[in-house]
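Everything below concerns the one structure shown next.
Numbers for residues simply follow the sequence, beginning at 1. Just so it is clear, the values below take in all heavy atoms, side chains as well, and ignore hydrogens, waters and symmetry mates.
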Amino acid sequence: MFRHAGHRPQATHPDSSPVAIFAVWTLLGVTYFTPGDVLAERDWFGVVLGCLLVTSGMAGIWRALRLGVVIGGEGVRVRGFDSRDQVTPWSAIQSVDCVQIDVRGDLPLYAPVLRLGDDAMPPSRIGSYSRQDAERKVEQLHSLKASAARS
């Protein structure tokens, strides 16, 4: 996912794997209540278990939909599944390059790599199998970094 904070998202394509897993988890909790036996017999362990499945599944879906990279005025924010976001301010980014970061299924994966002095941060969530697409994202990052430096 590649979003500009304060603007309409460029592309909002969350990784569907965790969303699907948590959706199945939620459906397990919902189907647990479907026959009505749990509630009718006042099986409190079952009621608590079903509520826990539904609640944790919905929370997991919400967190999975938040995954991604947000590009904003303060810099680059990489949202992970846990609650901690990794924020890299524009002032810490020395350069942005297009690099092949991985090979998946015999296809090269290209992504913008943020050079932070001696370190490099490849936000693989905005990677692409198309080098042209990855280079387009690098150009967007260059222009955003330049506009952030002017303000």
* Just do the side-chain contact (heavy atoms from CB on, under 4.5 Å) check on W25 and V54 with the steps written out, would you? => CA-CA 7 Å; W25 188 259; V54 171; over 6 Å; no

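- S143 places a side-chain N or O within 3.5 Å of a backbone atom of Q140 that can act as its donor or acceptor partner.
- For the salt bridge (Lys or Arg N to Asp or Glu O under 4.0 Å) test, residues two or more places apart in sequence or in another chain that qualify with E135 are R131.
- In the hydrophobic clustering of ILVMFWY residues, with side-chain heavy atoms under 4.5 Å counting as a link, M58 and V30 come out together.
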I'd like a table of donor-acceptor pairs (distance under 3.5 Å, sequence neighbours excluded) in which one partner is a side-chain atom from residues 105-115, with atom names and distances.
unit_1: R115; atom_1: NE; unit_2: D97; atom_2: OD2; d: 3.0

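- Residues V78 and L116 fall within the same hydrophobic cluster, defined by Ile, Leu, Val, Met, Phe, Trp and Tyr side chains chained together at heavy-atom separations under 4.5 Å.
- L53 approaches G29 most closely through the heavy-atom pair CB-CA, 3.6 Å.
- The NE2 atom of H142 sits 10.5 Å away from the CD1 atom of I93 when rounded to the nearest 0.5 Å.
- Considering every non-hydrogen atom in both V87 and P89, the closest pair reads O-CD, 3.8 Å.
- Using a 4.5 Å heavy-atom cutoff, the side chains of R66 and R63 are in contact.
- The minimum heavy-atom distance between K137 and S128, with the atom names listed, is NZ-CB, 4.5 Å.
- Expressed to the nearest 0.5 Å, how far SG of C98 lies from CZ of R136 amounts to 11.5 Å.
- F45 and L52 fall into different hydrophobic clusters, where Ile, Leu, Val, Met, Phe, Trp and Tyr side chains are chained together by heavy-atom contacts under 4.5 Å.
- In this structure, CG on D119 lies 10.0 Å from CD on Q94, to the nearest 0.5 angstrom.
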